[in-house]
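What follows is a short report on a single structure.
Here the structure is a predicted model, which means the values were calculated and not measured.
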Amino acid sequence: MTDYSNSISFKHVIAALLDGNTPFPPTYLHRFSDLEPSDLESLRSIWQQINPARRINLLESLEELAEADTLVCFDDLSRMALTDSEPDARAAAIRLLWECEDPRLADQYMNMLESDNNPIVQASAANALGLYIYLGEIDEVSKSLQKKVEDSLLRVLAGNYPTLVRRRALESLGFSSRKEVPRLIREAYERHEKEWTASALFAMGRTIDTRWEKPILANLNNPLSEIQVEAIRAAGQLELASARQPLLDLLDNIEELDEEVQTAVIWSLSQIGGDSVRQSLENLMDEIDDEDSIDFLEDALDNLEFTDGFPHFDLFTLNLEDGQDLDTFIDLDDNTDDEDGNNFPLQKR
């Protein structure tokens with residue numbers, strides 16, 4: 001498909017975008033990957049002439065393609081779309097730039113976070129900024145940039161912004177080793193409001209700090225699936241051995257769980273590891289016949305092989321409040337992204 005799409009004249013692609021009477025051909029989507037400068041300028045010149053719904057649909061279709069094909073790159077188009085007049089297009093553009101680590105994007109995201117007039121765009125920007133805190137903690141971007149991002153997120157969290165935007169700011173701050181972050185996470189958790197509880201648990205999973213073991217374990221069977229799934233994911237991210245048996249118990253009754261909780265249980269077990277986990281996942285593999293579920297289980301078993309073959313650090317020995325660099329324990333090259341994006345430190349929201 002890629003070879004065929006490259007043979008398509010970009011003039012035909014432009015014409016198809018502007019033709020509101022004919023569905024846009026899916027075979028043209030690959031043509032937006034790694035655009036030539038001249039093609040990008042041609043697209044820029046007519047972008048706002050394209051029907052808004054078609055622009056949004058195009059970006060969302062490219063997002064789906066990027067998740068399925070790791071060889072495509074739509075960064076140039078996405079950067080252009082960050083200034084689209086439609087908020088759904090701006091939010092989709094941020095998501096398309098998910099794995100782009102260009103520090104120059106951070107300033108644009110911070111401006112969108114604090115100044116955009118749409119809360120969905122602001123929330124998307126808050127989520128994307130978490131990457132720069134993570135990169136700062138492992139010395140892949142400057143500490144000054146990391147601090148600037150943290151300060152922006154802290155202003156939003158303390159400010160009069162929509163709840164969703166403030167929650168996403170807290171979640172991104174979960175990567176930060178700044179001393180005020182644990183207090184902010186605990187305050188959010190102790191609000192006893194389901195949305196804030198979910199975000200607090202999400203942030204806990206990013207901290208590499210097992211001080212949060214007790215609240216995470218307490219929510220592994222929460223009757224609210226949106227809270228339960230975040231607790232399960234956090235248990236996997238922190239590799240809590242104490243969560244292994246409760247998760248195995250959930251696995252035994254996996255057909256009673258909703259789909260998101262099911263996948264969270266399987267993946268977290270693959271992150272925690274242990275002798276009984278492989279056998280349990282293999283037994284589950286023998287019981288299912290859905291191709292997508294089998295593929296996911298195979299990915300989890302591959303991740304389990306990595307987990308069980310990798311030396312586990314005792315997270316209780318870490319004192320992140322001292323500002324200790326995370327790169328002692330995390331190698332960006334090993335954790336940014338596998339073939340399916342499972343190990344990438346950020347999660348699309």
Side-chain angles (χ1 to χ4, degrees), residues 1-129 131-132 164-165 168 337 341 344 346 348-349:
M1 181 181 292
T2 303
D3 290 341
Y4 167 71
S5 65
N6 285 339
S7 69
I8 300 169
S9 167
F10 203 69
K11 290 182 180 180
H12 288 100
V13 176
I14 294 291
L17 284 171
L18 293 172
D19 182 2
N21 297 318
T22 306
F24 187 76
T27 53
Y28 286 13
L29 292 175
H30 277 85
R31 194 64 179 78
F32 293 98
S33 179
D34 298 308
L35 284 171
E36 294 291 334
S38 60
D39 291 340
L40 179 62
E41 287 309 308
S42 296
L43 183 61
R44 191 190 308 275
S45 69
I46 59 91
W47 183 252
Q48 289 299 138
Q49 299 174 37
I50 304 169
N51 180 280
R54 174 159 285 193
R55 296 201 306 270
I56 295 166
N57 183 262
L58 171 66
L59 292 164
E60 291 176 346
S61 296
L62 293 176
E63 184 183 3
E64 293 177 6
L65 177 58
E67 291 175 353
D69 184 348
T70 60
L71 298 180
V72 296
C73 177
F74 304 115
D75 287 0
D76 293 334
L77 167 59
S78 303
R79 287 173 186 267
M80 182 191 73
L82 288 174
T83 58
D84 194 285
S85 59
E86 293 295 319
D88 286 345
R90 297 196 297 278
I94 292 173
R95 295 194 301 271
L96 262 174
L97 287 164
W98 208 246
E99 298 180 22
C100 183
E101 299 174 3
D102 186 348
R104 292 173 296 181
L105 282 172
D107 282 323
Q108 193 163 4
Y109 290 156
M110 284 185 278
N111 182 60
M112 296 172 82
L113 168 62
E114 299 194 51
S115 303
D116 198 280
N117 59 10
N118 185 277
I120 300 301
V121 176
Q122 291 176 296
S124 297
N127 200 15
L129 284 168
L131 174 62
Y132 296 97
L164 177 65
V165 180
R168 296 294 180 257
D337 191 21
F344 197 65
L346 293 189
K348 291 186 180 181
R349 304 290 279 169

Nearest 0.5 Å, please: how far is [atom2] in [Y] from [atom1] in [X]?
| X | Y | atom1 | atom2 | value |
| --- | --- | --- | --- | --- |
| L17 | S42 | CG | OG | 11.5 Å |
| L18 | R54 | CG | CZ | 9.0 Å |
| L77 | L97 | CG | CG | 9.0 Å |
| E64 | L59 | CD | CG | 12.0 Å |
| E60 | D88 | CD | CG | 7.0 Å |
| L29 | F74 | CG | CZ | 7.0 Å |

Closest heavy-atom pair and its distance - [X], [Y]:
| X | Y | result |
| --- | --- | --- |
| A91 | V121 | N-CG2, 4.2 Å |
| L105 | C100 | CD1-SG, 3.6 Å |
| Y109 | A125 | O-CB, 3.5 Å |
| Y132 | P103 | CE2-CA, 3.8 Å |
| M112 | L82 | CE-O, 3.6 Å |
| C73 | S33 | N-OG, 2.9 Å |

Inset, instruction - Output all residues satisfying salt bridge (charged side-chain N to carboxylate O under 4.0 Å, His left out) with E86, sequence neighbours left out; order by chain, then residue number. - result: none

Inset, instruction - Mind jotting down which residue pairs meet the salt bridge (Lys or Arg N to Asp or Glu O under 4.0 Å) criterion with at least one end in residues 40-49? Sequence neighbours excluded, please. - result: E41-R44

Inset, instruction - Any salt bridge (Lys or Arg N to Asp or Glu O under 4.0 Å) involving residues 74-83? Give me the pairs, sequence neighbours left out, ordered by first then second residue. - result: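 Every salt bridge (Lys or Arg N to Asp or Glu O under 4.0 Å) pair that includes a residue of residues 74-83, provided the two are not neighbours, is R79-D102.
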
Inset, instruction - For side chain to side chain contact (heavy atoms under 4.5 Å, CB included), just list the numbers for F32 and L65, CA-CA rounded to whole Å, side-chain angles, deciding distance to a tenth of an Å, and then say yes or no. - result: CA-CA 11 Å; F32 293 98; L65 177 58; over 6 Å; no

Partner residues of [X] under the side chain to side chain contact (heavy atoms under 4.5 Å, CB included) criterion, sequence neighbours left out:
| X | answer |
| --- | --- |
| Q48 | R55, D84, S85 |
| D39 | F10, R31, L35, E36 |
| N57 | S61 |
| A16 | F24, P25, Y28 |

Inset, instruction - Give a yes or no answer on whether the side chain of T83 reaches the backbone of M80 with a donor-acceptor pair at less than 3.5 Å. - result: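 Such a contact is found between T83 side chain and M80 backbone.
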
Inset, instruction - Could I get the full list of side chain to side chain donor-acceptor pair (under 3.5 Å) partners for Q108, not counting sequence neighbours? - result: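 Partners of Q108 under the side chain to side chain donor-acceptor pair (under 3.5 Å) test: none.
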
Legend entry - Contacts of N51 that satisfy side chain to side chain donor-acceptor pair (under 3.5 Å) - sequence neighbours left out: none

Inset, instruction - Find out whether I120 and P87 are in side-chain contact, i.e. whether some heavy atom of one side chain is under 4.5 Å from a heavy atom of the other. - result: no

Inset, instruction - Using the side chain to side chain contact (heavy atoms under 4.5 Å, CB included) rule, take N111 and D116 through it: C-alpha gap first, then chi angles, then the decisive distance, then the call. - result: CA-CA 7 Å; N111 182 60; D116 198 280; over 6 Å; no

